[in-house]
> 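For reference, the structure I am asking about is given below.
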4 protein chains.
Amino acid sequence: MLAPVGRWGEREAGILEVAAALFDRRGYQNVTMADVAAEAGLSEGTLYNYFRDRHDLVLRVSLDAFEEHAVKAEHIAAEAQSLHEGVARMIALQMSILLDAKEIYRIWMREVRGAEDYGKLPARAMLRRYSTPMIHLLKKWLAPRDIPPGIDFGMMRDLIFGGVENFVQTAVLQERDKALDVDKTSWDIAGAYLRAFGGKLEARTKTLASPRAKTAQRKRARSG
Amino acid sequence: MLAPVGRWGEREAGILEVAAALFDRRGYQNVTMADVAAEAGLSEGTLYNYFRDRHDLVLRVSLDAFEEHAVKAEHIAAEAQSLHEGVARMIALQMSILLDAKEIYRIWMREVRGAEDYGKLPARAMLRRYSTPMIHLLKKWLAPRDIPPGIDFGMMRDLIFGGVENFVQTAVLQERDKALDVDKTSWDIAGAYLRAFGGKLEARTKTLASPRAKTAQRKRARSG
Amino acid sequence: MLAPVGRWGEREAGILEVAAALFDRRGYQNVTMADVAAEAGLSEGTLYNYFRDRHDLVLRVSLDAFEEHAVKAEHIAAEAQSLHEGVARMIALQMSILLDAKEIYRIWMREVRGAEDYGKLPARAMLRRYSTPMIHLLKKWLAPRDIPPGIDFGMMRDLIFGGVENFVQTAVLQERDKALDVDKTSWDIAGAYLRAFGGKLEARTKTLASPRAKTAQRKRARSG
Amino acid sequence: MLAPVGRWGEREAGILEVAAALFDRRGYQNVTMADVAAEAGLSEGTLYNYFRDRHDLVLRVSLDAFEEHAVKAEHIAAEAQSLHEGVARMIALQMSILLDAKEIYRIWMREVRGAEDYGKLPARAMLRRYSTPMIHLLKKWLAPRDIPPGIDFGMMRDLIFGGVENFVQTAVLQERDKALDVDKTSWDIAGAYLRAFGGKLEARTKTLASPRAKTAQRKRARSG
DNA sequence: GATGAATGAGCTTTCATTCAT
DNA sequence: TATGAATGAAAGCTCATTCAT
C-alpha cells in the first residue's frame with residue numbers, strides 16, 4: 001500500500017517519519033503521543049485525524065518501514081546472479097536494517113507479528129513480502145536432492161533471519177557494531193548457510209552494494 | 001486466581017512462579033503488580049515485602065528461570081557423547097524453553113541483557129552460564145581446520161540460538177508448535193549447523209530426553 | 001466544592017487560590033492533589049497541566065501569596081512618615097498575613113526557605129523582597145549611635161517578625177484572634193521594639209489602613 | 001508525668017530516645033514506624049505495645065523532651081539573681097534547644113500545640129510549665145509602672161520566644177549557627193528586650209552555664 | 001481539519017496498623 | 001509480650017484519548 005498523494009498524504013508520511021525516528025532513538029515504548037505530536041509540529045489531537053489510536057500509529061510506522069525493506073528484498077531475489085550472492089545480499093540487508101533501525105524491527109516482531117486481531121492481514125502480507133524473496137531465492141538455486149533431510153525452505157529462512165538477528169544483537173551489545181564489516185560478514189555467514197543447506201559456494205569477488213549507505217541517502221533526501 | 005501459595009520461603013518461589021506464568025500468558029509489559037498479587041492470592045503491598053520494586057520482580061523471574069536452563073545446558077555440554085548429539089540436545093533445550101516460556105526468554109533478552117546498571121553482574125554471569133556450554137561443546141569437537149573462514153565460535157552460538165528462536169516463533173505463530181517433534185527437528189537442525197560449521201554428522205539413534213516433560217513435572221510438584 | 005474556576009490563564013490563578021485556601025484550612029501536608037482537584041472542580045490530571053508536580057504547586061501557592069505581601073512591604077517602607085509608623089504598619093501587615101493565611105506563611109518558612117535545590121533563586125529573591133523593606137526602614141531612621149551593642153539590623157528583623165508570628169499564633173490558639181485590634185497592638189508592639197533598638201517613639205495619631213480588609217476584598221473579587 | 005520504672009518503663013524510654021534522635025536527624029515526617037523499630041532493635045508490632053499509634057509516639061517524644069526543658073526553665077526562673085541574667089539564661093536555653101533539637105521543637109509547635117483533640121491536656125500543661133517561668137521572672141522583676149502601655153506579660157513571653165526562634169532559624173539557614181556565641185548573643189538580646197519592656201539592664205559579668213553542654217552530657221550518659 | 005485543555009482510569013509504591021503464632 | 005508477614009487504603013503521577021471551539 002503506497003501513501004496517498006497530496007497534502008493529506010504528505011502530512012501522514014511526515015508523521016510516520018518523525019515517529020519512526022523517535023521510536024528508534026528512545027524505544028517505542030518510551031515515546032508518547034505528545035512526543036510525536038510535538039516533534040511533528042502538530043497538536044496532540046491532530047494525530048488522531050490520521051491514526052485511529054496509538055496502536056495504529058505504531059503499526060503504520062512499522063508497516064511503512066518494512067515496505068521499503070520488502071521492496072529491497074524483492075530486488076535482491078530478482079537480480080541475484082548466484083545463490084551465494086543473493087543470500088549474502090539478503091543477509092546484508094537484514095543486518096543493515098537491524099543496525100540502522102532495530103527499534104522498528106522490534107516493533108515489527110513484538111507488535112505486528114504477535115498482534116492477535118488488529119491489522120493482522122496487511123501485516124501478514126507485508127511479512128510475507130519481506131520474507132518470501134529469500135525462499136524464492138533458495139528454491140530457485142537449491143537442487144532438491146542436495147537439501148538435507150528434515151530441512152525445508154521455511155525453516156531455512158527462519159534459521160537465517162533469526163541467526164543474523166541474534167548475531168547483530170550480540171554485536172551491538174558488545175559494541176562491536178561500528179567495526180562490523182557488513183559485506184564480508186554477510187558473505188561468510190551466507191557461505192555457512194549454503195554449506196548447511198546444500199548450496200554451492202562461491203568466492204567473493206565483487207563488492208555488494210551496501211543497503212546501509214542507500215538508507216542513509218534516502219533519509220538525507222527526505223529531510224531536505 | 002490460584003490459592004495462596006504456601007508460606008515463608010515458599011511464598012517467594014510461589015510469587016515468582018505465578019508471575020512467570022502471567023508474564024508468559026500476557027506479555028510481561030502488560031502485567032501489573034496488582035495482577036501478580038491477585039493471581040498469587042496476595043495483596044499488592046505484600047509483593048513489596050519480597051521484591052524491591054517491579055523491576056526487581058521481573059529480573060528475579062528471569063534469573064530464576066534461567067538458572068534452571070543454565071544448569072541443563074551445562075549438563076548437556078558435559079555429558080555429550082558426540083557433537084551432533086550435544087548440539088541437538090542444546091537446540092532441543094532452547095526449543096523447549098521457547099515453547100514453555102518464551103516470554104521469560106524475551107524478558108531475559110530485553111530487560112536483563114540490555115540493562116545498564118541494575119543486576120548487571122549476576123545477570124551477565126547467568127547469561128554466560130547459559131550460552132557458553134554451547135561454545136565449549138563446539139570447541140571440544142570441531143577441528144579448527146574444518147571451520148569455514150570468517151566463522152568463529154561466538155558467531156556459531158549466536159546463529160544457532162537465534163535461528164532456533166526464530167524458527168520456534170514462526171511455528172508458534174503458525175500454530176504448528178503443538179505438532180512439533182522437538183527431538184527430531186533438533187537433530188535435523190543440528191545436522192544442518194554441523195554441515196555449516198564443519199562438524200561430523202551422525203545418524204540419530206537414541207531418543208533425546210525431552211527437557212520439556214521434565215519442566216512440566218517440576219511445575220506440578222511445586223504448586224502442590 | 002467551588003464551581004469550576006473560569007478558563008485559560010484564570011484557571012491557574014483559580015487553582016492557586018483554591019489550593020491556598022485548602023492548605024490554610026487543613027495544613028498543606030494534609031491536602032492531596034485529589035483534594036485540590038476536587039475543590040477546584042477539576043480532574044486530577046488537569047492539575048498536572050498547570051503544575052509540574054505537587055512540589056511545584058505548593059511552591060507556586062506560596063510564591064504567589066508572598067508576591068502580594070512583598071509589594072505591600074515595599075510600599076510601607078517607601079511611604080513611612082516615621083519609624084514608629086513604618087514598623088507598626090509592617091507589623092500589622094505581618095499580623096494580617098498570619099491571621100488570614102498562616103499556613104501559607106508556614107509553607108514559605110518550611111518548604112521554600114529550606115528547599116535546597118528547586119526554585120531557590122526566585123524564592124530567595126522573593127524572601128528578600130519581603131524582608132528587606134523592614135531593614136531599609138530601620139536603617140533609614142535609626143541613628144547608629146543609639147543602637148544597643150550586639151544588635152544588628154538582620155537580628156532586629158528576625159526578632160520582630162518572629163516575635164509577632166509567635167504572638168499571633170498564641171492568640172489564635174487561645175482564640176483571641178477575632179478580638180485582636182491589629183492596628184493598636186501593632187503600634188504598641190512597634191513601640192516596644194523601638195525602645196529595644198534605640199528608635200524614637202511617637203504618639204499614635206492616625207489610623208493605619210488595614211491590609212487585612214484589602215486582602216479580603218481582593219479575594220472576593222477574584223472568586224467571582 | 002514521669003516515665004514508669006522497671007523493665008517496661010526502660011524499654012519505653014529507650015524507644016523514645018531512639019525516636020527522638022531519628023526525628024532530629026531526618027525530620028519526623030520522614031521517619032517511619034519501621035525505622036524506629038529497627039533502630040530500637042524491636043519488631044514493628046512491638047512498638048504498638050508501647051504506643052497507641054504513630055501520633056502517640058510523636059507526641060510522647062515531644063512531651064518527654066519538653067519535660068527536661070521545662071525543668072530547666074523552672075530552675076532558671078527560681079535561681080535568677082537579676083532580670084537580665086534570668087532572661088538571658090532563658091534565651092540561651094531556648095537557643096540551645098533550637099540548635100540541638102530543632103526537630104523536637106518543630107514537632108511541638110506543629111503537632112502538639114496545634115492538635116485539636118488528642119493529648120491536648122497534658123500537652124497544654126507541659127507548654128505552660130515551659131513558658132510560664134519566663135512570665136514569673138518578668139513579673140517578679142519588672143515594676144508595673146515601667147511597663148510600656150499595651151504590653152502584657154504573655155505578649156512579652158511570646159515576643160521573646162518567637163523572636164529568638166526566628167533569629168536562630170535564620171542563623172541555621174545562613175549556616176552561621178556553628179559560629180554563634182550563644183551566651184553573648186543571649187545577653188545582648190535580653191538587653192534589647194529589657195529596654196523594650198522597661199527592665200533594668202546590667203553589665204554582663206559572669207559566664208552563663210551553657211545548657212547546650214549539659215544536654216550533650218546527658219545524652220552521652222544515657223546511651224552508655 | 002486543527003487545536004490543546006480536560007479527562008480519568010490505571011500504574012507503582014509507601015506505610016501505619018493488625019493479628020495469628 | 002514479641003514477632004513480622006500481611007494488609008489495603010492512599011498517594012503522586014502518566015498518558016492515550018476525547019471534544020468543544
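Per chain, numbering begins at 1; letters A, B, ... match sequence-line order.
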> Would you indicate, yes or no, if F/dA6 has its OP1 or OP2 atom less than 4.0 angstrom from a side-chain nitrogen or oxygen of B/Tyr50?
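Answer is yes, contact under 4.0 Å.
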> Grab the NE2-P distance between A/His55 and F/dC15 for me, whole Å please.
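After rounding, the gap between these two atoms is 18 Å.
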> Check the distance between F/dA6's P and B/Phe51's CZ and give it to me in whole angstrom.
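Distance, rounded to whole Å: 11 Å.
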> Quick one: C/Arg52 CZ to F/dG12 C1', roughly how many Å, whole number?
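So the two atoms are 15 Å apart, to the nearest Å.
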> Over how many whole Å does the gap from A/Gln29 atom CD to F/dC15 atom P extend?
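Answer to the nearest Å: 12 Å.
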> Both D/Arg54 and A/Glu44 contact DNA chain E. Taking the nearest nucleotide for each, which residue is further toward the 5' end?
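The residue mapped nearer the 5' terminus is A/Glu44.
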> Could you give the CD-to-P distance, from B/Glu12 to F/dA5, as a whole number of Å?
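So the two atoms are 12 Å apart, to the nearest Å.
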> With a 4.0 Å cut-off on heavy atoms, is B/Thr32 in touch with a base, just the backbone sugar-phosphate, or nothing at all?
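Sugar-phosphate contact only.
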> Would you say D/Asn49 reaches F/dA2's phosphate, i.e. side-chain N/O to OP1/OP2 under 4.0 Å?
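It does, given that an N or O in the side chain of D/Asn49 lies less than 4.0 Å from OP1 or OP2 of F/dA2.
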> Checking base pairs now: Watson-Crick or wobble, both atom distances under 3.5 Å. What partners E/dA6?
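Per the H-bond distance test, F/dT17.
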> Over all strands shown, is D/Thr46 touching base, sugar-phosphate only, or nothing at heavy-atom distances under 4.0 angstrom?
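Counting heavy atoms under 4.0 Å across all strands, the contact made by D/Thr46 includes a base.
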> What is the distance, rounded to the nearest whole Å, between atom CG of C/Asp56 and atom P of F/dG12?
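Taking atom P of F/dG12 as the reference, CG of C/Asp56 is at 14 Å.
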> Apply side chain to side chain contact (heavy atoms under 4.5 Å, CB included) to residues C/Arg25 and C/Leu22 and explain how you reach the verdict.
CA-CA 5 Å; C/Arg25 207 182 315 143; C/Leu22 265 182; 4.0 Å; yes
> What's the closest nucleotide to the D/Ser43 side chain, out of F/dT3, E/dT12, E/dT3?
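It is F/dT3.
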> Counting side-chain heavy atoms from C-beta on, which of E/dA2, E/dT17, F/dG4 comes nearest to A/Arg11?
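The listed nucleotide nearest to A/Arg11's side chain is E/dA2.
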> Report yes if the side chains of D/Leu57 and D/Met33 come closer than 4.5 Å at any heavy-atom pair, otherwise no.
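D/Leu57 vs D/Met33: side chains touch.
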> Between A/Phe23 and A/Arg106, is there a side-chain heavy-atom distance shorter than 4.5 Å?
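Counting from C-beta outward, A/Arg106 and A/Phe23 never come under 4.5 Å.
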> Keeping B/Asp56 on the side-chain end and B/Phe51 on the backbone end, is there a donor-acceptor pair under 3.5 Å?
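Checked: no pair found.
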> Whole-Å distance between E/dG10 P and C/Tyr48 OH?
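From C/Tyr48 OH to E/dG10 P: 18 Å.
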> Can a donor-acceptor pair be found between the side chains of D/Asp35 and D/Thr32 at a distance below 3.5 Å?
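Result is yes, a qualifying pair exists.
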> Between B/Leu47 and C/Met33, just flag the one whose closest nucleotide in DNA chain F comes earlier from the 5' side.
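By nearest-heavy-atom nucleotide position, the 5'-most residue is B/Leu47.
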> Please report the distance separating the P of E/dG1 from the corresponding atom of F/dT21, rounded so that it comes out in whole Å.
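Each nucleotide's P atom is 22 Å from the other's.
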> In this structure, how many angstroms lie between the C1' atom of E/dC15 and the CG atom of D/Asp53, rounded?
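The distance from CG of D/Asp53 to C1' of E/dC15 comes to 14 Å, rounded to the nearest Å.
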